[in-house]
Each structure stands twice: as C-alpha cells, then as structure tokens.
Amino acid sequence: MKRSVGRPFGKEVHCFNMKDTFESAQPLTFHADFYGNGRLVYFEGNEKFDVTHTGTVADGRIVLADSGASKIYKVKQRLRLDDDMEDIYSRINTDSFIDQAIQEYKGMRLTLNDPWETAVCFIISQFNNVKRIRMITKRLIDALGSPVYDRDGHMLGKAFPTSEQMSDAGSKVLGSIGAGFRARYLESAARFCSENMDLYGLRRKGYDSLKESLMEIDGVGDKVADCIALMGYGKLEAFPIDTWIKRMLESVYFGKERKGVDVLHAFAEERWGRLAGYAQQYLFHYSRNYKSLHDSNDIRNANIVLS
DNA sequence: ACCCAGGCGGGCG
DNA sequence: CGCCCGCATGGG
C-alpha cells in the first residue's frame with residue numbers, strides 16, 4: 001500500500017522517556033527544540049524531524065508530523081529505539097545506587113548522532129555549562145548552517161554546519177559566537193577534520209582504535225573522545241568521565257577516596273563492560289539532578305548495596 | 001562583586 | 001610522566 005506524503009505515520013515503542021532523553025543534555029539536545037508534551041524537533045542532514053511521543057513511558061507510539069516510513073527508520077536509529085532497555089537494565093543494575101538512577105529515569109535512551117556534530121558540541125562543552133553550550137551551538141548553527149527549506153521554499157531552519165563550512169569560515173566567525181578560548185579548538189578541529197581526518201571513515205574502527213584517533217583532534221582529550229565514541233559512533237562501552245561522574249564514583253564506590261581517571265575507567269569496564277556507556281548516562285543524569293549527592297549526607301544515607 | 005561550569009593543553013617538578 | 005594551572009564568557 002502506498003502511503004501518501006504528509007500523512008502522519010506512527011510506530012510502537014516500549015520503555016521510552018522523551019523528556020529525560022532530551023534533558024540528559026546529549027548532543028542531540030544542544031541543537032533541538034523540546035516543546036514538552038513529548039514533542040521534539042531537530043534537524044539531521046537536510047531534513048527536519050518533528051517527532052511526537054504519545055502514550056506512556058512503558059507503552060507508547062512515535063509519530064512523525066510530516067513523513068512516511070523512511071524517516072521513521074532514521075528516528076529509530078537516532079533515538080536508539082531498538083535498544084532493549086529491560087535487557088540493558090538487567091545487565092547494568094549492579095547495586096542499589098544505579099538501581100535508583102534506573103528507576104528514576106526509566107526509558108531514557110542514549111542517542112546516536114552525527115560524529116562531527118557530536119565532536120563540536122563536546123569540544124564546546126569543556127569547562128562550560130549546559131545553558132551556555134546550547135547558546136553557543138545555536139549561534140554557530142545560525143552563523144554557518146545551511147538553510148533547510150520545505151517544498152514551497154519556506155525556510156524551516158538550519159542544518160548543523162559541516163567541518164568544511166566551519167573551516168572555510170575561519171577564526172573571524174568562529175571567534176564571534178561566544179565560544180571563548182574554545183574557538184581556536186573549533187578552528188583547528190574543523191580544518192583537521194575537513195583536510196586530514198575523515199570522521200565518517202572511522203565508523204568501522206573498534207572502540208580503542210577509534211578513541212585514539214579522536215584524541216588526535218585538537219581540543220579532544222580523554223573525556224570528549226569518550227563522548228564522541230559513545231554518542232557519535234554508538235560505542236556503548238565508552239564511559240566518559242567528567243567532574244560529576246568522577247565525584248559520584250569516588251563518593252559512592254570508593255569511600256570518598258580520590259582516584260585517577262585510569263582507575264575509574266578500569267572500574268567501569270570491570271563493572272559495566274560493554275554497556276558502560278548506558279550506566280554512565282544514568283549515573284550522570286542522576287548525579288546532576290541531585291546536586292546534594294556530592295557534598296554531604298545524601299550519599300552516605302543512600303543505603304548503597306555494592307555487589 | 002564574586003563563583004562556577006559535562007576539560008584540555010602546556011609547563012613545571 | 002603525573003600533577004597543576006590558566007583559560008573566555010555568561011548566568012546565578
């Protein structure tokens with residue numbers, strides 16, 4: 001049966017929480033609009049996606065405003081709707097602390113994003129806060145992104161700038177979007193990724209080799225490389241260690257002892273293995289939303305049972 | 001006025 | 001090689 005263009009098209013989805021997926025501040029969120037009531041609008045390539053989630057977290061439907069089945073496939077991939085969350089939970093639920101995080105944010109997904117866009121968002125994220133990261137990426141898109149039009153020639157919005165567009169724009173434009181000291185990283189990374197390194201060609205690499213390559217990019221260190229591997233390439237074993245995760249791990253799992261990043265990586269790999277990235281996503285979001293966790297009693301009183 | 005924010009690179013001991 | 005420090009901006 002031929003489906004007419006423009007007819008809304010739905011797809012069943014189980015265990016999906018659009019709000020938490022959006023608010024967990026993955027790169028998707030940095031350039032998307034969230035309208036509440038489970039509606040999300042974003043641009044990917046030269047297409048606009050207007051996605052609504054209906055029903056409950058446990059049992060709902062994904063509906064696209066203006067497209068047929070072919071775009072649904074892209075949404076499923078982007079929002080990782082084929083991930084079997086119950087299976088994932090059963091594998092990462094190692095103790096009562098992460099169990100609380102899972103219960104709190106049930107249905108939160110990782111997302112699978114464009115590698116370059118992910119790299120840019122997380123280069124901007126360093127020593128920065130979410131509000132300002134969104135502001136800077138918005139200015140970047142506005143300044144350099146290609147317009148996306150509908151059939152009638154009406155502009156719908158702008159796509160995320162490519163590395164070539166950013167490289168061509170140069171330091172004058174990149175220095176004018178409020179990125180501060182990160183502007184020179186963006187300029188260097190844009191030139192490097194448009195001339196010397198094909199990010200899309202790295203997709204066939206395994207996690208270790210990929211991470212090593214990503215760290216050749218100026219402004220990409222251990223943490224940002226893991227973010228790109230996880231959210232730009234879908235390497236679920238990647239475990240980004242930022243200040244929140246570090247504080248949380250030390251407090252909850254190491255009796256408040258300070259530990260080096262290498263020790264923490266080894267711990268995460270041993271404990272959560274090939275799904276460490278999902279564990280990180282839940283622990284990160286949980287730690288951030290309960291700020292008191294890291295400064296006093298809440299962790300001691302959290303009744304953690306380590307296995 | 002201060003203080004902080006999903007780190008990184010460079011420079012020192 | 002491991003630690004430590006400065007870093008541009010905008011918001012609380």
Problem - Geometric cation-pi criterion Lys19(A) and Phe34(A), 6.0 Å radius, 45° cone - result: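 No cation-pi geometry.
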Exercise for the section: May I ask you to check whether Asp99(A) and Tyr89(A) show a side-chain donor-acceptor distance below 3.5 Å? Expected result: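 Looking only at side-chain atoms, Tyr89(A) and Asp99(A) do not form any donor-acceptor pair under 3.5 Å.
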Whole Å only: how far is the [atom1] atom of [X] from the [atom2] atom of [N]?
{"X": "Tyr286(A)", "N": "dG6(B)", "atom1": "OH", "atom2": "P", "result": "19 Å"}
{"X": "Leu186(A)", "N": "dT9(C)", "atom1": "CG", "atom2": "P", "result": "13 Å"}
{"X": "Arg288(A)", "N": "dA5(B)", "atom1": "CZ", "atom2": "P", "result": "9 Å"}

Please measure how far the [atom1] atom in [N] lies from the corresponding atom in [M], and state the result in whole Å.
{"N": "dC8(B)", "M": "dG10(C)", "atom1": "P", "answer": "22 Å"}
{"N": "dC3(B)", "M": "dG6(C)", "atom1": "P", "answer": "14 Å"}
{"N": "dG10(B)", "M": "dA8(C)", "atom1": "P", "answer": "13 Å"}

Practice task
On DNA chain B, check which nucleotide each of Cys227(A) and Arg184(A) is closest to and give me the residue with the more 5' one.
Solution key: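 Nearer the 5' end of the strand: Cys227(A).
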Problem - Tyr185(A) vs Asn129(A), nearer the 5' end of DNA chain B by closest nucleotide - result: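 Result of the comparison: Asn129(A).
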Exercise for the section: With Gln26(A) as reference, evaluate Asn113(A), Thr111(A), Thr21(A) under the side chain to side chain donor-acceptor pair (under 3.5 Å) test and give the passing residue. Expected result: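 Only match with Gln26(A) under side chain to side chain donor-acceptor pair (under 3.5 Å): Thr111(A).
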Practice task
Compare the ring of Phe127(A) with the six-membered ring in the base of dG7(B) and state whether they stack (centres under 5.5 Å, planes under 30°).
Solution key: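 Check passed, Phe127(A) stacks on base of dG7(B).
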Exercise for the section: Would you classify Gln280(A) as touching base, sugar-phosphate or nothing, given that sugar-phosphate means primed atoms plus P, OP1 and OP2, and contacts are heavy atoms under 4.0 Å? Expected result: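 Since a base atom lies under 4.0 Å of Gln280(A), the category is base.
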Handout entry: Between Tyr149(A) and His154(A), ring centroids under 6.0 Å
Key =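 Between His154(A) and Tyr149(A), which both carry aromatic rings, the centre distance is not below 6.0 Å.
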